[in-house]
Structures are given as structure tokens and as C-alpha cells.
Asker: 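Here you go, one structure.
Just so it is clear: chains get the letters A, B, ... in the order the sequence lines come, proteins before strands, and each one is counted from 1. Worth saying up front: this structure is predicted, and the values here are computed from it rather than measured.
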2 protein chains.
Amino acid sequence: MAEDSARVITLVVVDDHPVVRDGLRGMFDSAPGFRVLGEASNGVEGVDLVARLDPDVVLMDLRMPGGGGVAAIAELTGRGTRSKVLVLTTYDTDSDTLPAIEAGATGYLLKDAPRDELFNAVRAAADGRTVLSPAVASRLVSRVRAPGTAGHEALSAREREVLELVAKGTSNREIAAELFISEATVKTHLTHIFAKLGAKDRAAAVATAYERGILG
Amino acid sequence: MAEDSARVITLVVVDDHPVVRDGLRGMFDSAPGFRVLGEASNGVEGVDLVARLDPDVVLMDLRMPGGGGVAAIAELTGRGTRSKVLVLTTYDTDSDTLPAIEAGATGYLLKDAPRDELFNAVRAAADGRTVLSPAVASRLVSRVRAPGTAGHEALSAREREVLELVAKGTSNREIAAELFISEATVKTHLTHIFAKLGAKDRAAAVATAYERGILG
DNA sequence: CCCGGAGTCAACCGATCGGCTGATGTCGTT
DNA sequence: AACGACATCAGCCGATCGGTTGACTCCGGG
């Protein structure tokens, strides 16, 4: 029917894993109402492809070698592309979620989502509706709800610098020498770091920094 | 030809991501010489399925909710299954590689491997040949080459337990209370942890633990 | 122009850590 | 039976850490 063909949702897949690209292509091509127009293996290629093929929805992985996903999303929204970007990633680390959505992603799903959820998410994204993985959604809510409560502020450049040295086992005195500041200043930075990360000591600070992708 | 059908390699896919399962199934079913007999979404199901279907090769993900991949591999080799297990995982963390191979995996590939490499790997695995991703192979070599040189010893279960609490900002005294041991013992464990990880203090220990995939 | 954030520094103090030496008991292996 | 790895515990010590309070500068936004 002519009506149906008008409702077919066109897709572009951007993922560095051939297996995943094939999986998505197969999944959507064999389902009625979807058509995969093309695939790209990194963010830069992805932006080009989307510009040429103008799909309804872009399924975008984050963390790809050569062309990060977040940068690609920002580029697309910056260009005013009509395509909706649906982030489809393996792990839901703190550091990925927020930047991706800020950059203009319409949705954020984890790869372990069942087929139907994926289909629904793509249809929703095509309509411009925001779709979030339950796990991601709850995280976002708690993030917004607790701005000062659970200390989720970003570290300053200097603080990150200090934290990196802490992670290497550098003592406060050594850090002071390394950064050409006094030991007192190092301690001040650390106090701020602990507050921002909600950590009790340097060990916990390093741990949460790794959890949030600030280190590693 | 009758000869060809005898050479068809049968597969079972074990992965918690539907997308990946579909990707692999599509990839192998559409290629000549392979047939996917079934899929499972965790290690326990995987073991059952392999026992029933007796495939030539099992494509196994590690890190699945409910039934770890390494345990499944150990179970299969323990049962003397003839199926070869090919580990197919996303990231190549230190903590995964060695246990999987020790458990009896025939090969270890990363999901970002190109199609042809995957096909070749499966054929090799079916023949009983060991196939390692270049990245993994070089890591293993360096691991074997430098056993005492760069302090790469594994932590004991108790030590890991202590380290996990350290990463949460727990003090030695609190750790002692939590684990029903004395503070002195906690310190002893920590001294050993520092030595094994080559870390100067608890912060550095947490950092290297994250780097090596022991934590996170 | 004033405010606030970031970065810098100081002095003090109690709590904690990390190193050291040495000891006991349990495993599994040899 | 002997051995090494692991886990447990003790006491002592100096070094380091983390908290607190207060203060100075620079810079950019309102």
C-alpha cells in the first residue's frame, strides 16, 4: 500500500563493530516498516553518510576509534539535520549519558535491550519522542533531582590534574613539587575533589573518577 | 556437493545482547559453510544448549548477567564437550583474557574484528587451532614473558575483597569490622596488595586495579 | 562595580596510614 | 613430613592525610 511505504522509517547505523552493524541491519531489514540505508564505522563517516542519505533515524554507538559518537551527534545537530539520533551503546557509564543527550541525542538505549524495545524506540525517535533505557532514565532523574545533594559537579582542570597524580600514588608533598604549588594548595584541591565526587578519601576519589570516566 | 555439506561448521551463539546474536546469526547463516544451530543469552542456557545441539563451535561472550562466560567455558570443558569455544567479547580487559583461556577457550576475539577474520577464526577453532586477536595475543605474550619483572600477580579473593572496600573509601578499621577480622590483618592484606599491584598507596592500588579490570 | 569561582597559601590538630618484625594456623602440593 | 601460599593477629613508629578556618589574588559575568 502506498500508505505503508510512506511510513517506512529509514535508518543509518554508525558502529565500529561489524557484528553489531550486521545485527542491526539484519534486524531492521527483516522487520516491516524499516529500511537501513547505510552503515558507518565511526563518527566522521557517520556524519557524512547522514548528510548524504538523510535517514529518519541514526543509530549511533558512542566510543568509537576515530571520531567519537558525542562529537558526531553535536556535529549533526549543529548542522540542523532533521535525522533523529538514537544512541545505542553497550555500557551506560555516567560519563557518556549526559554529554550525548546534551549534544542532541533523541534517545539512549543499551544494546542488551530486547528487539521489541529497540523497534519501539526507533519509531518513537522517528516521531521526535525521547526514549531512554529504564536504567539510563532513572540515572538522569536522580542526577537532575540531586544537584547539590549527591555532589555531581565537574572537576576543574587543576583538580583533575591533582587527581591524576593521586591515582599514581603521588603524595601531597610530591604533587606540590610537581605542580609548583604548596602542599596546602594541594590539600585544598583535594578537599574540593572529595566534596565534588562525594568521596571520603583519595582512594574513593580515584575509584569514583574511574567509574565516571574522569580517569582511565 | 556432498563433500561440502560435510564441511559445514555448526555454531551456537551465547551473548546477552540480542543485537549481537542477530548479527552473528545473520553473518554466519548468509555465509556458505556455516550454520547457526541456536542462541542463548547467558552462560547457563548456553551450556544446556551446547549439550543438546553439540555444535562444532560456540561463540561465547564473557560478562553476561546470570551465568558468567568463564564459568560456562569451564563447565563445558569439564564435561568433555567436543565443541570448541571461541570467546567473542567487546573489550579486552586483563581480567577476562587469561581466565577464559585457562578455562579452555580455543580462541579469543574482539567484536570489532572484521568479518573475514571472524570466519577464519571460526574455521580455525573448528579445527582445534588456537586463534587470538592480535591485541590479545601480544598481551598474553608480554604476560608470560614478564612474570616477576613487572609485578603482575593475581590478587587472592580476600585481597580483592579488601581492595573493593578501599575503593569505597572504607578505612582500615571499618574494613576490619566489615570482614570480621582485625585491623592488623587488613593492613597485612593491603601491604600484599601494594606489592602485587606495584602501587605506593591505596589510591594508586585502586587506580591500577581499575586499569587492569580488577575493579569496575 | 560588585560578586563568585578558581587558584593560591598558612597553621594547627587528631586520625589514619604504611612499614616493620614476628608469630600462629590452615590448606593443598610435593 | 616438609613446603609454600594464604589468612590471621600484635605492637610500634614516623609519615601522611583530611578537616578546619581564614585570607589573598585574578578574572569574568551580571
Side-chain angles (χ1 to χ4, degrees), chain A residues 147-209 212 214-215, chain B residues 74 78 95 98-99 102-103 143 147-209 212 214-215:
Chain A
T149 311
H152 260 13
E153 311 166 59
L155 298 186
S156 74
R158 199 55 158 173
E159 286 161 353
R160 235 173 295 124
E161 213 167 346
V162 170
L163 188 53
E164 278 168 26
L165 290 171
V166 166
K168 288 181 186 164
T170 320
S171 76
N172 289 349
R173 190 170 305 167
E174 292 167 334
I175 294 173
E178 187 116 356
L179 300 183
F180 303 107
I181 58 181
S182 86
E183 204 176 331
T185 305
V186 174
K187 289 174 73 173
T188 304
H189 285 314
L190 277 173
T191 303
H192 293 158
I193 291 171
F194 296 157
K196 288 185 178 178
L197 297 185
K200 275 187 65 179
D201 57 32
R202 41 180 63 212
V206 168
T208 57
R212 297 200 194 150
I214 299 171
L215 290 177
Chain B
S95 58
L98 215 51
E102 275 170 0
R143 164 91 43 129
T149 310
H152 260 18
E153 309 169 61
L155 297 185
S156 74
R158 200 55 160 170
E159 286 161 352
R160 238 175 293 124
E161 213 167 345
V162 170
L163 188 53
E164 277 168 26
L165 290 171
V166 166
K168 288 181 186 161
T170 320
S171 75
N172 290 348
R173 191 170 305 166
E174 291 168 333
I175 294 172
E178 187 116 358
L179 300 183
F180 304 105
I181 58 181
S182 86
E183 203 175 331
T185 306
V186 175
K187 291 172 72 173
T188 305
H189 285 313
L190 277 173
T191 302
H192 293 159
I193 291 171
F194 297 156
K196 287 184 178 179
L197 297 184
K200 274 189 67 180
D201 56 33
R202 41 179 64 212
V206 168
T208 57
R212 298 200 194 153
I214 300 171
L215 290 177

Asker: Start with the C-alpha distance between E174(B) and K200(A), add both sets of side-chain angles, then the distance that settles salt bridge (charged side-chain N to carboxylate O under 4.0 Å, His left out), and finish with yes or no.
Answerer: CA-CA 13 Å; E174(B) 291 168 333; K200(A) 275 187 65 179; 3.3 Å; yes

Asker: If I take atom CD in residue E161(B) and atom C1' in nucleotide dT8(D), what distance separates them, rounded to the nearest angstrom?
Answerer: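 E161(B) atom CD is separated from dT8(D) atom C1' by 14 Å.
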
Asker: So if I apply the side-chain contact (heavy atoms from CB on, under 4.5 Å) rule between I175(A) and each of I181(A), L163(A), V166(A), which one comes out positive?
Answerer: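 The residue from I181(A), L163(A), V166(A) that satisfies side-chain contact (heavy atoms from CB on, under 4.5 Å) with I175(A) turns out to be V166(A).
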
Asker: Please evaluate the base of dG18(D) for a donor-acceptor partner in the side chain of K200(A) within a cut-off of under 3.5 Å?
Answerer: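 For K200(A), whose side chain was compared with the base of dG18(D), there is no donor-acceptor pair (under 3.5 Å).
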
Asker: Would you say a side-chain N or O of T188(B) is under 4.0 Å from OP1 or OP2 of dC9(D)?
Answerer: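 No, T188(B) has no side-chain N/O under 4.0 Å of OP1/OP2 on dC9(D).
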
Asker: For dC9(D) and T185(B) - does any side-chain N or O of the residue sit under 4.0 Å from the phosphate oxygens OP1/OP2?
Answerer: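 Indeed, a polar side-chain atom of T185(B) lies that close.
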
Asker: In whole angstrom, what separates F194(B)'s CZ from dT16(C)'s C1'?
Answerer: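 Between C1' of dT16(C) and CZ of F194(B): 12 Å.
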
Asker: Side chains of V162(B) and L155(B): closer than 4.5 Å at any heavy-atom pair?
Answerer: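 Counting from C-beta outward, V162(B) and L155(B) never come under 4.5 Å.
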
Asker: Ignoring backbone atoms, test whether N172(A) places a side-chain nitrogen or oxygen under 4.0 Å from the OP1 or OP2 oxygen of dC17(D).
Answerer: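 For dC17(D), OP1/OP2 do have a side-chain N/O of N172(A) under 4.0 Å.
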
Asker: Name the residue closer to the 5' end of DNA chain D, choosing between L179(B) and K187(B) according to the nucleotide with the nearest heavy atom.
Answerer: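 Residue closer to the 5' terminus by nearest nucleotide: L179(B).
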
Asker: Taking the side chain of R158(A) as its heavy atoms from C-beta onward, which of dT16(C), dG7(C), dA7(D) lies nearest to it?
Answerer: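 So the nucleotide nearest the side chain must be dG7(C).
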
Asker: Grab the CD-C1' distance between E159(A) and dG7(C) for me, whole Å please.
Answerer: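 From E159(A) CD to dG7(C) C1': 9 Å.
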
Asker: Within less than 4.0 Å of OP1 or OP2 of dT8(D), is there a side-chain N or O belonging to S182(B)?
Answerer: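 So the side chain of S182(B) is outside the cut-off, no N or O lying under 4.0 Å from OP1 or OP2 of dT8(D).
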
Asker: If I take atom CZ in residue R173(A) and atom P in nucleotide dG14(D), what distance separates them, rounded to the nearest angstrom?
Answerer: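 After rounding, the gap between these two atoms is 15 Å.
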
Asker: Give the rounded distance in Å between these two atoms: CG of L190(B) and P of dA7(D).
Answerer: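 The distance from CG of L190(B) to P of dA7(D) comes to 13 Å, rounded to the nearest Å.
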
Asker: Looking only at side-chain N and O atoms, does R202(A) come under 4.0 Å of OP1 or OP2 in dT16(D)?
Answerer: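 No, because none of the side-chain N or O atoms of R202(A) sits under 4.0 Å from OP1 or OP2 of dT16(D).
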
Asker: Rounding to a whole Å, what distance do you find between E183(A):CD and dA15(D):P?
Answerer: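 In whole Å, dA15(D) P lies 13 Å from E183(A) CD.
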
Asker: dG18(D) P sits how many Å from I193(A) CD1, rounded?
Answerer: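 So the CD1-P distance, I193(A) to dG18(D), works out to 10 Å.
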
Asker: Can you tell me if the side-chain N/O atoms of H189(A) get under 4.0 Å from OP1 or OP2 in dA6(C)?
Answerer: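 Indeed not, no polar side-chain atom of H189(A) lies that close.
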
Asker: Do S182(B) and T185(B) meet the criterion of a side-chain donor-acceptor pair at a distance under 3.5 Å?
Answerer: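 Judged by distance alone, the side chains do pair up.
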
Asker: How close or far is atom C1' of dC9(C) from atom NE2 of H192(A), stated in whole angstroms?
Answerer: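 The answer, rounded to whole Å, is 13 Å.
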
Asker: Rounded to the nearest 0.5 Å, what's the gap from NZ on K187(A) to CD1 on I193(A)? Could you check?
Answerer: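 Going from NZ on K187(A) over to CD1 on I193(A), the span is 14.0 Å.
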
Asker: Go through dA10(D), dC17(C), dT8(D) for me and flag the one nearest to the I181(B) side chain.
Answerer: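 Nearest listed nucleotide: dT8(D).
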
Asker: From the options dC6(D), dG7(C), dC9(C), select the nucleotide whose nearest atom is closest to the side chain of S156(A).
Answerer: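 So the nucleotide nearest the side chain must be dG7(C).
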
Asker: Which nucleotide in the set dG19(D), dC17(C), dC17(D) lies at the smallest distance from any side-chain heavy atom of S171(A)?
Answerer: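 Nucleotide nearest to S171(A)'s side chain: dC17(D).
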
